[in-house]
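So that the names make sense, note that chain A is the first sequence line, chain B the second, and so on, each numbered from 1.
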Number of protein chains: 2
Amino acid sequence: MAPSCYKGVMPKIVDPQQRRRAVADAVYAVVARCGLEGATLRNVASEAGLAVGSVRHYFTDHDELMIFAVQELGRRVGERVWAHAERLLSGSTGSREDRRRRTEELLAEFLPLDDVRRDEVVLRLTFSTAARTRPSLLKHTEAMQQTLHELVLRTLQGAQASGGLPADLGVEVETIRLRALLDGLGLQAALFPRRFTSDLLREVLHHHLDELVAASERGPE
Amino acid sequence: MAPSCYKGVMPKIVDPQQRRRAVADAVYAVVARCGLEGATLRNVASEAGLAVGSVRHYFTDHDELMIFAVQELGRRVGERVWAHAERLLSGSTGSREDRRRRTEELLAEFLPLDDVRRDEVVLRLTFSTAARTRPSLLKHTEAMQQTLHELVLRTLQGAQASGGLPADLGVEVETIRLRALLDGLGLQAALFPRRFTSDLLREVLHHHLDELVAASERGPE
DNA sequence: GCCTTTATAGCACGACGGTGCCATGATAAT
DNA sequence: ATTATCATGGCACCGTCGTGCTATAAAGGC
């Protein structure tokens, strides 16, 4: 029916992608405030300033909304931290202390040190734990975890290549250990923000990296 | 404690405490299978082989049921691990390698290395994350976390006293770091049991303890 | 003008949640 | 036997949630 050009003949105004992202924002706000069980269509629609029918116009199912929320969360986290990683890699010049400082900053992106990162950690944690009993979420959660794993791995490998870490260090095991540390800290801090202050989190991370570089002076086991 | 003859004048047969624990068992089974949102009164009652009214006879609210489940979970975890800790402390004799091995076994109680510990980790994780948005659970979850914290702290202090760890080691920070590591590993393993095998978990814990004792040969920073 | 497509909103239905209330059976004291 | 107490089970009510369906308004293409 329509002529050959299928691209520019949309008789509408709003951008669906942008709308979906806006709804995802509402999901994040509700989940951060009331938990995942509070992310009902009515709550999300109310948070987004829309009606339930409007939200359902962009998401067929409640499941699809949750899946999109996880995907979008993974996209944003990956995007933000990859940008940070590129900043680190681009500035390959600099003293060893500078590289160490920037590496620590990069890894600190995974800790709830401010409101933005705190919400992000809480959301990652919430969706991840929920994915255990929700097959539809598990696949995308796994992808997000894989992204974070590779990022930490690349970071350690980069530090190793630049001489900041010993060449004989088991980066795979250290990646798992470091990621577990970051996740565990985030978990505790998400539960008890008053006990786990930003300074304490930074101190633990700093200490852990100290131990990693100190292993170089010890040589292979 | 075995159900001894009641001394009071109760015209009944069953022991309410035992019944409440049995219902808690049903809660654990349902939560482990379907997540916390699946722990409805109907599901729990069905799992326990009772009717909803029967469950409600022992728990006024759904909230009270959840609170009791958290408390009981904390009790059991603490009981089991404290028993293990006493075994460690009672056998203060033995070579350094033996002490190290038993310490590692004690800390391994927090890792999902078998079905029992796996369920326990999953339950701890589920209730903890849920407590973030449920004030009624937060208080008891905090108590459970405090118990685990103190246990890890005592373990490290014991190792330090016996000479297994350097005297100048910051046990408080190391406790936080070790607990974050255990929590993070448990979180990952709960999500992806196939990727995080028992051997891998043991290896990471072993490696971490190696790093701790290796810090003794490095002296103060 | 007309018509198609999209955006937004609302209603109604069925399913399921917690909970108040009550009926029945069992037990032990009187 | 009577009665009080407790255990157990079921019913019914009300709220909420997801979802199918429909209505209305706006924006191009013809």
Side chains of A:R179 and A:Q145: do they bring a donor and an acceptor to under 3.5 Å? yes
Strictly below 4.0 Å, N to O, side chains only: are A:R117 and A:D114 in salt-bridge contact?
yes
So, is A:Y58 near the phosphate of C:dT6, with a side-chain N or O under 4.0 Å from OP1 or OP2?
-> no
A:R19 CZ to C:dA9 C1', in whole Å, measures 13 Å
Among C:dG17, C:dC21, C:dA9, the one nearest any side-chain atom of A:A51 is C:dA9
On the nucleotide D:dG10, are OP1 or OP2 found under 4.0 Å from the side-chain N or O atoms that B:R56 carries? no
* Asked: Looking across every strand, which nucleic acid part, if any, lies under 4.0 Å from A:H62 by heavy atom: base, sugar-phosphate, or nothing?
  -> sugar-phosphate
Using a strict cut-off of less than 4.0 Å between a Lys/Arg side-chain nitrogen and an Asp/Glu carboxylate oxygen, indicate whether A:D61 and A:R56 qualify as a salt bridge.
no
The answer to which of A:N43 and A:G53 contacts DNA chain D further toward the 5' end, by nearest nucleotide, is A:N43
When rounded to whole Å, the CZ to P distance for the pair A:F59 and D:dG18 reads 14 Å
When A:R42 and A:S54 are each assigned the nearest nucleotide of DNA chain C, the 5'-most assignment goes to A:S54
Is A:T40 close enough to D:dC17 that one of its side-chain N or O atoms is under 4.0 Å from OP1 or OP2 there? yes
If the threshold is 4.0 Å, N to carboxylate O, is there a salt bridge linking B:D25 and B:R20? no
Rounded to whole Å, the CG-P distance (B:L65 to C:dT19) equals 10 Å
Exercise for review: Look at the side-chain N and O atoms of A:H57 and state whether any lies under 4.0 Å from the OP1 or OP2 oxygen of C:dT8.
Suggested key: no
